Engineer: 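Just passing along the structure, written as structure tokens.
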Amino acid sequence: MVKRSAEGNPMSQLSEDELLRAIRKVVAEDAPGVVIPVGDDAAVVDPGRALSVLTADLLIEGVHFDLDATSAHDLGYKAVAVNVSDLAAMGAAPRFALVSLGLQPDVDAAWVMDLYGGMREAAGEYGLALVGGDLSRAKERVIGVTAVGAVAKGKAVTRSGARPGDAIVVTGALGAAAAGLLLAKRAPHDVRGPLGTDEGKEAVRALLRPHARVGEGETLAQAGATAMIDLSDGLAIDLHRLCEESGTGARVRLADVPLATGLEGLAAALEAEAWPLALGGGEDYELLATLSPEVVEPTRQKLRDRFGTPLTRIGEITDADVVAVGPDGLEQPLERAGWEHFG
């Protein structure tokens, strides 16, 4: 629930209580499962018979976002979507979310309401109820979201169940968000350069408005996925994490890794290379899963028919090291490339 903070300060002539009342009009009041909504010391929700799946994520100004490169609305949308992606990777359905904000005293209240507008848009898209959170003063803007999902008992998919012989599959395509980040850094206003192309616009959209694969995650879980992880930090590093948890290795065919449309041309225009963007760029929020080989094709068909989402087999789980096979057929260790907060 949104609580009063002793550190609150007026923003754009609004008191904290006035801002909280404005926020209360945006978050959930009568969503399914919400027993006591915003307005008390804590919210009360009814999780039903399923198990609750909980996740939390922080977005920090200067670390995860640049105010010059993203709108408050897009930032709010992304703050919710990245948490929903974690739920999707467990095969869970989103239910509720708490939002905590750290704000400088001079932040315009209109910016805060636009942020919540983006959160509300994402919450509506994913069937999630925003049921509260907290406000506090901070030196930089900090957005913390805690999301709760539901999954049937015994049906949650972890990172630790992959077995040698399993097929490695990935949803969608990779590398667009990493290219979008390069565009945002190098040419945020150059509409005559790569940013002005259709591929450039799609890359920036992929960065600012990631799509959580909720239905796809549930379908993969129903198909018997033995392990699953969302690709938030990069295919290479996230595959290493899955293999470490499962006690296995992996063999990935680089030629089969699905690149985002136009990525090679866009990367060249940015004086970068497509493969590093796809393997280690991060922020794709696609799902990497392991499946028994015989169910890959029927699962691919279901994802295509239900969601229009491609599913690509890129390799197999092994009992050795994590390696990559290049287009030339040569095998070498797959570098642990990707985003690490303290790397």
Side-chain angles (χ1 to χ4, degrees), residues 81-82 85 88-89 167-187 193-213 216 220 228-242 250-291 296-297 299-300 303-304 307-316 322-339:
V82 299
S85 182
I168 303 170
V169 297
V170 65
T171 62
L174 309 179
L181 180 60
L182 288 181
L183 279 169
K185 287 182 175 180
R186 297 186 184 183
L195 185 61
T197 66
D198 289 341
E199 292 83 3
K201 292 174 183 177
E202 261 320 297
V204 172
R205 181 174 177 81
L207 172 69
L208 300 180
R209 308 270 293 196
H211 183 73
R213 301 292 192 183
E216 293 88 339
L220 286 163
M228 193 151 53
I229 187 172
D230 79 322
L231 299 180
S232 56
D233 294 331
L235 170 65
I237 193 170
D238 287 329
L239 176 59
H240 271 277
R241 288 167 175 160
L242 185 148
R251 189 172 186 268
V252 175
R253 294 178 295 275
L254 295 183
D256 292 338
V257 173
L259 301 183
T261 302
L263 180 63
E264 291 181 284
L266 190 57
L270 291 166
E271 300 179 341
E273 296 182 20
W275 285 109
L277 295 178
L279 293 174
E283 297 215 65
D284 291 303
Y285 295 100
E286 296 293 349
L287 296 178
L288 179 77
T290 56
L291 292 166
V296 171
E297 187 52 43
T299 305
R300 178 187 289 124
L303 292 191
R304 185 167 57 242
F307 312 108
T309 303
L311 184 72
T312 305
R313 180 172 177 173
I314 63 171
E316 292 78 39
V322 180
V323 299
V325 181
D328 55 6
L330 295 179
E331 185 176 293
Q332 60 184 2
L334 179 63
E335 182 183 353
R336 190 187 171 96
W339 172 257

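Keep in mind that the numbers below use all heavy atoms, side chains included, and drop hydrogens, waters and symmetry copies. The structure presented is a predicted model; accordingly, all values stated were derived computationally and were not measured.
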Engineer: Tell me the closest heavy-atom pair linking A81 and A212, and the distance in Å.
Structural biologist: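 It is O-CB, 3.7 Å.
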Engineer: So do the side chains of V170 and L311 get within less than 4.5 Å of each other, counting heavy atoms only?
Structural biologist: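 Heavy-atom side-chain distance check fails, nothing below 4.5 Å.
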Engineer: Does a side-chain heavy-atom distance below 4.5 Å link R241 with D233?
Structural biologist: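 Touching, per the 4.5 Å side-chain cut-off.
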Engineer: Within this structure, what is the OH-CZ distance for the pair Y285 and R209, rounded to the nearest 0.5 Å?
Structural biologist: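 Those atoms lie 14.5 Å apart.
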Engineer: Measuring only between side-chain heavy atoms, which start at C-beta, is T309 closer than 4.5 Å to R304?
Structural biologist: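 No. Closest side-chain heavy atoms not under 4.5 Å.
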Engineer: Kindly give the heavy-atom pair with the smallest separation between E335 and A236, and that separation in Å.
Structural biologist: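 In this case the closest contact between E335 and A236 is O-CB, 3.3 Å.
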Engineer: I need the minimum non-hydrogen distance between L266 and E199, along with the two atoms involved.
Structural biologist: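 Minimum heavy-atom contact is CD2-O, 3.8 Å.
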Engineer: Does this structure show an ion pair linking E316 with R253, if we count only N-O contacts that are shorter than 4.0 Å?
Structural biologist: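 The answer is yes: the pair qualifies as a salt bridge.
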Engineer: Side-chain contact test, heavy atoms from C-beta onward, threshold under 4.5 Å: evaluate it for L242 versus T290 and give yes or no.
Structural biologist: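 Sidechains of T290 and L242: in contact.
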Engineer: Mark yes or no for whether D238, through its side chain, and S232, through its backbone, hold a donor-acceptor pair below 3.5 Å.
Structural biologist: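 Present.
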Engineer: What are the two closest heavy atoms between A179 and L263, and how far apart are they?
Structural biologist: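 Smallest interatomic distance, heavy atoms only, reads CB-CD1, 3.9 Å.
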Engineer: Could you give me the CA-CA distance, side-chain angles and deciding distance for L239 and V322, then say whether side chain to side chain contact (heavy atoms under 4.5 Å, CB included) is met?
Structural biologist: CA-CA 8 Å; L239 176 59; V322 180; 4.2 Å; yes
Engineer: Could you give the distance from CG (L231) to CD1 (I237), rounded to the nearest 0.5 Å?
Structural biologist: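 Going from CG on L231 over to CD1 on I237, the span is 11.5 Å.
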Engineer: Test side chain to side chain contact (heavy atoms under 4.5 Å, CB included) on L288 and M228; report intermediate values, then the result.
Structural biologist: CA-CA 6 Å; L288 179 77; M228 193 151 53; over 6 Å; no
Engineer: Are R213 and D230 ion-paired here, with the side-chain N under 4.0 Å from a carboxylate O?
Structural biologist: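 Looking at R213 and D230, the cut-off is not met.
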Engineer: For the atom pair CD (E273) and CD (E264), what is the distance rounded to the nearest 0.5 Å?
Structural biologist: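 Taking CD in E273 and CD in E264, the distance rounds to 10.5 Å.
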Engineer: About how many Å separate CD1 of I314 and CG of L254, when rounded to the nearest 0.5 Å?
Structural biologist: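 These two atoms lie 9.0 Å from each other.
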Engineer: Restricting to non-hydrogen atoms, name the atom on V82 and the atom on P210 that form the minimum distance, rounded to 0.1 Å.
Structural biologist: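 In terms of heavy atoms, the two residues are closest at CG1-CG, 4.3 Å.
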Engineer: Where the side chain of T171 meets the backbone of L287, is there a donor-acceptor pair that is under 3.5 Å apart?
Structural biologist: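 Pair found, side chain donor or acceptor close to backbone of L287.
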Engineer: Please give me the minimum heavy-atom distance between A177 and G282, naming the atom from each residue.
Structural biologist: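 Heavy atoms only, the tightest pair is CB-O, 3.9 Å.
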Engineer: With a 3.5 Å distance limit and no angle check, can you tell me whether H240 reaches the backbone of L334 through a side-chain donor-acceptor pair?
Structural biologist: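 Indeed, once roles are kept as given, a pair shorter than 3.5 Å links the two residues.
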Engineer: Give the C-alpha distance, both sets of side-chain angles, the deciding distance and a yes or no for side chain to side chain contact (heavy atoms under 4.5 Å, CB included) between L259 and L174.
Structural biologist: CA-CA 5 Å; L259 301 183; L174 309 179; 5.7 Å; no
Engineer: Taking D328 for the side chain and L330 for the main chain, is one N or O donor matched with an acceptor at less than 3.5 Å?
Structural biologist: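 Judged by distance alone, yes, a pair lies under 3.5 Å.
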Engineer: One thing to verify: whether E202 and R205 come together as a salt bridge, which I'm taking to mean a side-chain N less than 4.0 angstrom from a carboxylate O.
Structural biologist: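 Judged by the 4.0 Å cut-off on N to carboxylate O distance, R205 and E202 do not form a salt bridge.
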Engineer: What I'd like to find out is whether the side chain of R251 reaches to under 4.5 Å of the side chain of V325, using heavy atoms alone.
Structural biologist: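 The answer is yes; the side chains approach within 4.5 Å.
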Engineer: Should the pair E297-R313 be classified as a salt bridge under the 4.0 Å nitrogen-to-oxygen rule?
Structural biologist: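 No.
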Engineer: Below 4.5 Å, heavy atoms only, C-beta onward: do L183 and L270 meet side chain to side chain?
Structural biologist: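 Result yes, sub-4.5 Å side-chain heavy-atom pair found.
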Engineer: So, taking the atom named OG1 in T312 and the one named CD in E286, what distance separates them when rounded to the nearest 0.5 Å?
Structural biologist: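 That separation rounds to 9.5 Å.
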